[in-house]
There are 2 protein chains.
Amino acid sequence: MARAALSADAVVDVALRLVDEEGSTALTLAAVASRAGVATPSLYKHVRNLAELRALLSVRILDELNDEISGAVQGRSADDAIRALLTTWRNYVLTHPHRYSALDQSPQPQVEQAGERLVNIMLAALRAYDLEDSAAIHAARCLRAVAHGFAVLEIDQGFQLPEKLNESYDLMIHMVITGLRTPAPKTVGPVE
Amino acid sequence: MARAALSADAVVDVALRLVDEEGSTALTLAAVASRAGVATPSLYKHVRNLAELRALLSVRILDELNDEISGAVQGRSADDAIRALLTTWRNYVLTHPHRYSALDQSPQPQVEQAGERLVNIMLAALRAYDLEDSAAIHAARCLRAVAHGFAVLEIDQGFQLPEKLNESYDLMIHMVITGLRTPAPKTVGPVE
DNA sequence: AGGCTTGGCTAATGACATTAGCTTTTGAGC
DNA sequence: GCTCAAAAGCTAATGTCATTAGCCAAGCCT
């Protein structure tokens, strides 16, 4: 190997710091290269292109979120676990808002894998509810949708009245928990 | 007035068609100009810049979503209204996936107004539950978070097992409704 | 007719991503 | 220690955008 300088991981490190400090829109190869003390095209030796860098960064972030959540869920179960999961998710988002909004929307396989890991944690947290397999998957999706939806809106919409957002989130947690405890509904046909 | 050709509205029309046909990433001033049969800089006579075009487009889309939802909620109340609202939201997203993903995240005031109109519809749908004012606001936020979160994940993640997404969504609707009917929880402190 | 306003155009600039092709470093094996 | 091939860097070039400046034509009002 030559010049023990950069590596794909190191590039992602730099990108992560950049996003933290200047927001996800500042994520350009030029900016990353500059921070890394390297010319822009040199990055291509470590990363296929900008899209791949975004994907790698998303994986890094999702894994970090994963870690925090699984730590928080450890040793808890049922309602307690769900509460911990959702609260930790939101805390992560609020602590690193730029990271969360840097998450890649485009469906790269690597990113999907990190997403699956997240789903597995949710399934583990749901185990205490004695759901059938498919019911557990539905529940996990709901958890994800709920946490993600609130996160996105809170980050880049701001809502208004910021002092009450905790209460809104508590209500949402309450909806999830009571919904899980109440017998599943018959599937309803489309409205209209 | 000269040359009765374009207008801000017409530009948004073109942009909307472009997004529908080629996806939200294809939304560039160059592409819009080309479709409008005009040179790129000419667009600046109608629109301040790309950011404003995005904002105008978002308003257009949010208003359309608003219309569909308020139509669906008309004449229904309580659980029925909530179900109609959420179902219509998802139907809109699935019918026009590109439009929904073209929605602007950056907080322009005009876009926020359109968002408020949406919140008002939700508050109307919630009226039957006899919530206090602030409780209704929390509930509306939850509705929005839930619908948006599921929409975003469904659009650009795809989940897997597409045949069961209806059931997942039904579960989420169930969570919302039972959560609204069950007494509000005491606010819980942060976990950990 | 004359002139202002409006909407359109061409040209120029600057930020990016990306590719091509050259050079240097360095580690592995001799 | 020497050689050399791969790795990692660089400069130069291209193409796509957004955006600005400055020019021109067309229509409307008087």
Side-chain angles (χ1 to χ4, degrees), chain A residues 1-59 98 101-108 110-111, chain B residues 1-19 21-60 98 101-108 110-111:
Chain A
M1 239 184 291
R3 206 83 53 76
L6 282 184
S7 69
D9 252 10
V11 171
V12 174
D13 284 346
V14 173
L16 186 60
R17 258 176 285 137
L18 175 67
V19 163
D20 273 342
E21 294 171 25
E22 306 183 34
S24 59
T25 60
L27 180 59
T28 71
L29 289 180
V32 170
S34 156
R35 278 188 175 232
V38 119
T40 308
S42 304
L43 296 177
Y44 287 84
K45 291 290 157 80
H46 305 285
V47 153
R48 191 189 312 287
N49 50 30
L50 178 59
E52 193 190 52
L53 175 56
R54 285 225 186 86
L56 291 175
L57 184 60
S58 295
V59 170
H98 293 319
S101 65
L103 282 180
D104 202 3
Q105 55 283 29
S106 64
Q108 304 277 326
Q110 331 149 20
V111 180
Chain B
M1 236 183 291
R3 210 84 54 76
L6 281 184
S7 69
D9 251 10
V11 171
V12 175
D13 283 348
V14 173
L16 186 60
R17 258 176 286 136
L18 175 66
V19 163
E21 294 171 23
E22 306 183 34
S24 59
T25 59
L27 179 59
T28 71
L29 289 181
V32 170
S34 156
R35 278 188 175 232
V38 118
T40 308
S42 305
L43 295 178
Y44 286 84
K45 291 291 159 81
H46 306 285
V47 153
R48 192 189 313 287
N49 51 29
L50 178 60
E52 192 190 50
L53 175 56
R54 285 224 186 86
L56 291 175
L57 184 61
S58 295
V59 170
R60 175 78 70 86
H98 293 319
S101 65
L103 281 181
D104 202 3
Q105 54 281 29
S106 63
Q108 304 277 325
Q110 332 149 20
V111 180

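Predicted model, so just to flag it, every value in this text is computed and none were measured. Within every chain, numbering begins at 1; the chains are lettered A, B, ... in the order of the sequence lines, protein sequences first and strands thereafter.
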- Between C/dC9 and B/S42, is there an OP1 or OP2 to side-chain N/O distance shorter than 4.0 Å? yes

- Query: Heavy atom of residues 24-39 of chain B under 4.0 Å from DNA chain C: which residues?
  - Reply: B/V38, B/A39

- Message: Suppose we screen for side chain to side chain contact (heavy atoms under 4.5 Å, CB included). Which residues come up paired with B/T25, at least two apart in sequence or across chains?
- Response: none

- Item | For B/Q110, side chain to side chain donor-acceptor pair (under 3.5 Å) partners two or more places apart | none

- Query: When the distance from CG of A/L43 to P of D/dG9 is rounded to whole Å, what number comes out?
  - Reply: 9 Å

- Could you tell me the separation between the CG atom of A/D13 and the CG atom of A/L6, rounded to the nearest 0.5 Å? 10.0 Å

- Residue-level proximity of residues 45-53 of chain B to DNA chain C when a heavy atom falls under 4.0 Å: B/K45, B/H46

- Note on the structure: Residues pairing under side-chain hydrogen bond (donor to acceptor under 3.5 Å, both in side chains) where one sits in residues 33-55 of chain B, two or more places apart or in two chains, turn out to be B/E21-B/R35, B/E22-B/R35

- DNA chain C contacts made by residues 10-17 of chain A, counting heavy atoms under 4.0 Å: none

- Write down the atom of A/A31, the atom of A/L18, and the distance for their closest heavy-atom approach. CB-CD2, 3.7 Å

- Message: Looking at B/S58 and B/D104, would you say the former's side chain and the latter's main chain have a donor-acceptor pair under 3.5 Å?
- Response: yes

- Closest approach of A/A55 to A/Q108 (non-hydrogen atoms, all atoms of both residues): CB-CG, 3.7 Å

- Message: Using whole Å, what does the distance between atom C1' of nucleotide C/dT24 and atom CG of A/L6 come to?
- Response: 16 Å

- Query: What are the two closest non-hydrogen atoms of B/V19 and B/A102, and how far apart are they?
  - Reply: CG1-CB, 3.9 Å

- Task: Write down the atom of A/L27, the atom of A/L50, and the distance for their closest heavy-atom approach.
- Result: O-CD1, 4.3 Å

